[in-house]
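For reference, the structure is listed below as structure tokens.
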Amino acid sequence: RFLIGGWDAVLRMYEIKFQPQYLEQIFLMFLDEPIISCTINRNYLAFTGHTDGIINAINIPTNQKVAIGKHEAAIRDVYWVEQIDALVSLGFDNKLHFWKMDSVGIPVHTVTLSAKTVASAYDYPYLLIGSNEDKFCIVKVDNPTSIPIPKYYDTQLGMHSKIISADIN
């Protein structure tokens, strides 16, 4: 199963069928703003980050939605961190927020980044963040209440290239 969100502000979930091979749409929800990023946990709780900075939690089985937080600018990425039972969100407001489902509306921790996030990737326990200044940092997300301000490193891309994508393994 996989999620798709897009500029049409619709969250869709599909299941891949193999006999014969085809995609079956198993969930559809119309949301208020375009979806920039989405993720899902094992309990079929989906999270969406939007152009207006809102982060929604959507219970797929019950079709219920609740706004769990907000950035001061559009969301860049959202990641569910299963090991700490928390959502990580990166916004174009230079903030990295950690959200717990028992404290909706209030992040359990916030890190102010020194540059605007333009790319990110997550592989527990590391979050790779690429900036608009062609620098990157790596944040260890295993303990959200004790994350220091990250140190950025130069990518040495030079003036002919900009960070637009990232991955970590």
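- For Ile26, the CD1 atom is densely surrounded, since the number of other residues' heavy atoms within 6.0 Å is greater than 12.
- The heavy-atom pair separating Asp142 from Pro125 by the smallest distance is CB-CB, 4.2 Å.
- The minimum heavy-atom distance between Ala57 and Ile68, with the atom names listed, is CB-CG2, 3.6 Å.
- In this structure, the side chains of Ile55 and His50 stay at 4.5 Å or more apart for every pair of heavy atoms.
- Cluster annotation: Ile35 and Ile40 are assigned to the same hydrophobic cluster (Ile/Leu/Val/Met/Phe/Trp/Tyr, side-chain heavy-atom contacts under 4.5 Å, transitive).
- To the nearest 0.5 Å, the span separating CG on Asp134 from OH on Tyr152 amounts to 12.5 Å.
- No donor-acceptor distance shorter than 3.5 angstrom exists from the side chain of Thr117 to the backbone of Ala119, with no hydrogens or angles considered.
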Trace of the side-chain contact (heavy atoms from CB on, under 4.5 Å) decision for Asp32 with Ile54:
CA-CA 10 Å; Asp32 298 327; Ile54 294 288; over 6 Å; no

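- Here the shortest heavy-atom pairing between Thr48 and Cys38 reads CG2-CB, 4.1 Å.
- Contact of the Val78 side chain with the Ile75 side chain is registered, since non-hydrogen atoms from C-beta on lie closer than 4.5 Å.
- Crowding of Ile4 atom CD1: a count of heavy atoms from other residues, nucleotides or ligands under 6.0 Å exceeding 12.
- Inter-residue side-chain proximity for Leu11 and Phe30 is flagged as unmet; no heavy-atom pair is nearer than 4.5 Å.
- The OG1 atom of Thr39 lies 7.5 Å from the CG atom of Leu87; values are rounded to the nearest 0.5 Å.
- Between atom CG of residue Leu113 and atom OG of residue Ser131 there is a gap of 9.5 Å, rounded to the nearest 0.5 Å.
- One distance of note links CZ of Arg12 with CG of Leu23; it measures 12.5 Å at 0.5 Å rounding.
- Enclosure of atom CD in Gln25 by more than 12 non-hydrogen atoms of other residues, nucleotides or ligands within 6.0 angstrom is indicated.
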Check against side-chain contact (heavy atoms from CB on, under 4.5 Å), Phe136 and Leu128:
CA-CA 7 Å; Phe136 71 93; Leu128 172 68; 3.8 Å; yes

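- A heavy-atom distance below 4.5 Å is found between the side chains of Lys17 and Glu15.
- Asn41 places a side-chain N or O within donor-acceptor distance of the main-chain N or O of Leu45, the cut-off being under 3.5 Å.
- Side-chain contact check for Asp77 and Ser120: at least one donor-acceptor pair (N or O, by modelled atom type) lies under 3.5 Å.
- Looking at Asn132, its side chain does come within 3.5 Å of a backbone N or O of Lys116 through a donor-acceptor pair.
- Between the side chains of His109 and Thr145, no donor-acceptor pair of N or O atoms lies under 3.5 Å.
- To the nearest 0.5 Å, atoms CG (Asn56) and CE (Met29) are separated by 8.5 Å.
- Tyr124 has its side chain within reach of Val81: a pair of non-hydrogen atoms, C-beta onward, lies under 4.5 Å apart.
- Clustering ILVMFWY residues whenever any of their side-chain heavy atoms sit less than 4.5 angstrom apart, transitively, puts Leu31 in the very cluster that holds Tyr44.
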When you look at Lys100 and Asp85, which way does the side-chain contact (heavy atoms from CB on, under 4.5 Å) test go after all the steps?
CA-CA 7 Å; Lys100 291 280 197 173; Asp85 200 34; 4.2 Å; yes

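- Using a 4.0 Å cut-off between charged side-chain N and carboxylate O, Asp93 and Lys95 make no salt bridge.
- Follow the hydrophobic side-chain contacts under 4.5 Å out from Ile84 and you reach Tyr79 in the same cluster.
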Take Tyr153 and Lys135 through the side-chain contact (heavy atoms from CB on, under 4.5 Å) test and state the conclusion after the steps.
CA-CA 5 Å; Tyr153 301 92; Lys135 297 180 184 290; over 6 Å; no

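- In this structure, Arg76 contributes its side chain and Val118 its backbone to a donor-acceptor pair below 3.5 Å.
- Side-chain contact between Leu3 and Tyr14 is absent, with no heavy-atom pair separated by less than 4.5 Å.
- With Lys70 contributing its side chain and Asp52 its backbone, the two residues share a donor-acceptor pair below 3.5 Å.
- In this structure, Lys151 contributes its side chain and Ile138 its backbone to no donor-acceptor pair below 3.5 Å.
- Side-chain heavy atoms closer than 4.5 Å link hydrophobic residues (I, L, V, M, F, W, Y) into clusters, and following such links, possibly through other members, connects Val66 to Met101.
- The two residues Phe2 and Ile16 make their nearest non-hydrogen contact at CE2-CG1, 3.9 Å.
- Considering only heavy atoms from C-beta on, Ile58 stays 4.5 Å or farther from Gln64 through its side chain.
- Scanning both residues, Phe92 and Ala73, for their nearest heavy atoms gives C-CB, 3.9 Å.
- Linking Ile, Leu, Val, Met, Phe, Trp and Tyr whenever their side-chain heavy atoms come within less than 4.5 Å leaves Trp80 and Tyr122 in two separate clusters.
- Here the closest non-hydrogen pair linking Val111 and Pro150 is CG1-CD, 3.6 Å.
- Contact of the Trp99 side chain with the Val108 side chain is not registered, since no non-hydrogen atoms from C-beta on lie closer than 4.5 Å.
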